[in-house]
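Side-chain atoms are counted along with the backbone in the values below, which use heavy atoms only and exclude waters and symmetry mates. Start at 1 and go down the list; that is how both ligands and their atoms are numbered.
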Amino acid sequence: MKYNPAETEEKWQKIWEDRKLFKVATDNSKEKFYCLEMFPYPSGKIHMGHVRNYAIGDVISRYKFMQGFNVLHPMGWDAFGLPAENAAIENSTHPAVWTKNNISYMKAQLKKLGLSYDWDREVATCDPEYYKWEQMVFIQMYEKGLVYKKKSLLNWCDDCNTVLANEQVEDGACWRCGHEVRIKELDGWYLKITDYADELLDFTEKLDGWPSKVLTMQQNWIGKSYGAEIDFALTHSDEKIKVFTTRPDTLFGATFMSLAPEHPMAKALLKGTEQEKEGLEFIDAILKDDKVNRMADDKEKKGVFTGRYAINPVTGYQMPIFLANFVLMDYGTGAVMAVPAHDQRDFEFAKKYGCELKIVIMPKEGLELETMTEAYTGAGTLVNSGVFDGTDNESAKKAIVDYLDTHNLGKSTVNYRLRDWQISRQRYWGAPIPFIQCDCCGSVPVPFDQLPVQLPDVDFNPEMRGNPLDKVESFVNTTCPKCGKPARRETDTMDTFMESSWYFLRYTSPQCDTAPFNKDDANYWMNVDQYIGGIEHAILHLLYARFYTKVMRDLGYVSVDEPFKRLLTQGMVCKETYKCPVDGWLFPEESKEGKCAKCGGDVVIGRVEKMSKSKKNVIDPNKLIQTYGADTARLFILFASPPERELEWSDSGVEGSFRFLNRVYRLVFNNLELIKADHAGTAEDALTKELLYALHSTVKKVTEDIERYQLNTAVAAMMEFVNSLYSAEANLTDGHKALFKDCLLTLIKILAPFTPHLAEELWEMTGQAELVSRAEWVKFDAAHTQKDEIVVAVQVNGKLRGQIGISRNMAQDDVFALALANENVSKHTDGMTFVKKIYVPNKLVNFVVK
Ligand code: ANZ
Ligand code: ZN
Ligand code: ZN
């Protein structure tokens, strides 16, 4: 008899499914555990990153199941998005068809992995029954003042007839067609996430189950800074320019001003000056550059003088006003008071354009203009700052703002980096924004009883450009719900981040047809106790989901403040690359012993990198499962690396995992008779002690390791356990059989979350009635988790001279006696006088001798 994964796995998957083993219901009498993995985009196939994500989640879920929790472990599809639409255009199909096919293929793949999902809760976000509620909540947000429409400047490709995100603009050209990108003013819908900036920030302090790295990223994204707004008068007009600064203490050193090229006053300032033409050209050029790029520290600082001057309110200095590429309109006020001696960007800019530098913050070690090679940005005492001279710069911040405040020149403010969330997409495959545009009434929400606003049918073909919704007359032309006159339907669809911001709430009652979800169910299951997903979602998805949850709370739908209690961000799956100088990147199977399978030439083995289709360093989960089975795939992935780290693919590692499972199979199979029999009595000898130790310390380690996500060391502990059992096997007497049986059954149980199919098969072979997935998790006895024998180092005058084995907590005098009995130790102490005998219990002996 041999371990046959293909047969075993299919058999158990069917049994679990038939018995609806992982179907759960709200049950207030039971403690719940909600385990969630980020749902996939139905791109076509499962990749190794998915396998890793879901294998980790499955261990945690199955473990919690066995611990008696009522475990919610759902799965679904983040089903809207651009790839479906592009594929539909290319292949003249419909995005819905493409998506549906992908879902059914990927679902079958997931089932082959033996994941413990409650498939009755499956959700696909492109389902009108899903987005209907999103539309309803969107309207409720609108009624609460959390949704608004605004014109903004966006990247636009005339050829593709579409808006482009900054990342889709490459050197001023469209990433898809290469056409020049222009800036177009467009209406867009926004969610007021900024209303929640403070709460989102404050709660990052309370999310102690999150990686601190992710919290820091969120904090930086929200980017709260305290500072001041200061008004600067102009020499040529009565208007004023307001700047935002975090360094009011440097006001006396402000020698010029930098404005964003899109600042509303930029063109007016230029008007009639010698610089007008150059200035206008500069504005056009800069607007094409994307913002991230403009802000980058290493980006060359560029600017033009406007020909105008502002007046420093405390020094009277006439500050030339520049337009500068690194000043952004959507931060602060879009205007900066430049202090070149104390800000690096301003320093570089001043050197380039010949502006004056003035030191106003003096560090202890002194500072001189002549020798400065970079801005001094540290702390110090104020100089050249009138009445504030001598004040330390931290207290000067407040003192100067107070002064400005009393003279009506400025006031303290708080500024955020976080911007409102622009959710409009000029695309078909998304949830339609439920609004109607009426010439008389403006933007009018679609009445609730008319929801969902469903996507109309459209024929897709390769000639298509832009948003097909614009062209569907029957969709666009409608009547105003308020006045009944002809009106136009909104044709923008929502950002797909909207759907992923609340799917975890929908999972708590996915069939609910009277509300987005049932309140009692949501309050029972929320928060998600464990969320698992990629670090690439550390900022936007998690921030939006947190925001949405708070909005749902404020709309009265749910009572939690935060969606995710604990967060695990799994590392990437990586593999070395293969490249043939002739044929380019090769799939792993196209490189045979260093030779290219296509041309026979030498293959260049490249760095270990994230698995990606473009570099072909991918392993197909299907093939892996076909060859070794899902349990081997799962075990390898879990064993190869701690979940949060990168995982380097290794074929020999996969082989090793497969061999281990065979070893387990044989061990149990060879002892079936022993397991099925009843045994009485336990021998009191060394082997019993060893077995007890192996058993309890393994259970302890596996339990604790799962709790702290160290799944790899949990697997290692089970491997060691199997080794101990093999070596004990040969020496068993009747007095060990009961204990040995216990060890084997325990092994099967603790393996169950990791390799559930094999565990079920073995469990059944041993004659157990229930499923091992339903068995109770094993408890350990702490008394047996410590080895009696411990090794203690013996030093003489601080030098290691020997090691002794002692029993734990042996009396000090006995330890000294044992130590002195050691030959090498006595060689160094014989004939000497003892100055001191030191004993660090259970660790170290040191004799100080003369
Ligand atoms: C004067 C000053 C002196 C500044 C100094 C810094 C150092 P954080 O901390 O990120 O909030 N700033 C203001 N608005 C800007 C914009 N729209 N685009 C680019 N830079 C802008 O940054 C605040 C600082 O960034 C502000 O404080 C301002 O420069 C600049 F020794 O004002 B500071
Ligand atoms: Zn284009
Ligand atoms: Zn109307």
Side-chain angles (χ1 to χ4, degrees), residues 197 219-230 232 241-264 266 286 291-292 294-297 299 301 303 310 312 314 319 322-350 357-363 367 372 374-380 382 385 393-394 396-397 400-401 410 412-419 435-447 478-489:
Q219 285 156 359
N220 291 341
W221 190 260
I222 297 166
K224 182 174 187 175
S225 41
Y226 296 89
E229 277 178 8
I230 305 177
F232 285 74
I241 296 180
K242 203 184 270 304
V243 308
F244 169 72
T245 176
T246 47
R247 295 292 307 273
D249 52 319
T250 63
L251 178 58
F252 285 79
T255 54
F256 62 98
M257 185 179 278
S258 308
L259 294 193
E262 53 281 64
H263 194 283
I286 297 303
K291 286 175 193 162
V292 182
R294 270 169 65 185
M295 282 290 271
D297 279 340
K299 177 88 180 173
K301 313 288 172 279
N312 185 315
V314 288
M319 305 154 65
F322 288 83
L323 305 181
N325 63 344
F326 59 85
V327 183
L328 299 182
M329 194 52 224
D330 56 10
Y331 190 72
T333 62
V336 178
M337 67 175 213
V339 185
H342 302 291
D343 179 273
Q344 187 57 24
R345 283 185 309 200
D346 297 344
F347 184 88
E348 288 167 35
F349 196 89
L357 271 75
K358 191 171 151 194
I359 293 174
V360 290
I361 308 289
M362 188 56 75
L367 187 66
M372 272 176 92
E374 56 180 16
Y376 175 72
T377 57
L382 264 64
S385 298
N393 77 299
E394 275 310 315
K397 282 181 182 167
I400 293 185
V401 175
S412 67
T413 54
V414 176
N415 198 49
Y416 297 88
R417 240 205 74 176
L418 183 68
R419 295 280 84 100
F435 271 83
I436 290 165
Q437 192 60 34
C438 168
D439 285 340
C440 308
C441 314
S443 294
V444 183
V446 175
T478 180
T479 50
C480 170
K482 248 191 194 163
C483 70
K485 286 192 198 132
R488 286 176 60 81
R489 200 180 281 286

Does [X], backbone or side chain, put an N or O under 3.5 Å from an N or O of ligand 1?
| X | value |
| --- | --- |
| Thr245 | yes |
| His342 | no |
| Arg247 | no |
| Asp343 | no |

### Task
State whether the side chain of Gln437 and the backbone N or O of Arg488 hold a donor-acceptor pair below 3.5 Å, judged by distance alone.
no
### Query
Can any side-chain N or O of Asp343 pair as donor or acceptor with the backbone N or O of Ala338 at less than 3.5 Å?
no
Report yes if the side chains of [X] and [Y] come closer than 4.5 Å at any heavy-atom pair, otherwise no.
| X | Y | result |
| --- | --- | --- |
| Lys242 | Phe244 | no |
| His263 | Leu323 | no |
| Val339 | Arg247 | no |
| Leu382 | Val360 | no |

### Message
One pair to check against side-chain contact (heavy atoms from CB on, under 4.5 Å): Leu357 and Thr255. What are the steps and the verdict?
### Response
CA-CA 7 Å; Leu357 271 75; Thr255 54; over 6 Å; no
Test item, [X] contacting ligand 1 (heavy atom, 4.0 angstrom):
| X | value |
| --- | --- |
| Arg345 | yes |
| Ser225 | yes |
| Thr250 | yes |

### Shortest heavy-atom approach to atom 8 (P) of ligand 1 - which of Tyr226, Phe347, Tyr416, Tyr331
Tyr331
### Task
List the steps, then state whether side-chain contact (heavy atoms from CB on, under 4.5 Å) holds for Asp346 with Phe256.
CA-CA 9 Å; Asp346 297 344; Phe256 62 98; 4.3 Å; yes
### Query
Does the pair Glu348/Arg345 count as a salt bridge with the N-to-O cut at 4.0 Å?
no
### Protein N/O/S atoms closer than 2.8 Å to the Zn ion (ligand 3)
Cys438 SG, Cys441 SG, Cys480 SG, Cys483 SG
### Query
More than 12 heavy atoms of other residues, nucleotides or ligands under 6.0 Å from CG of Asn220: is that the case?
yes
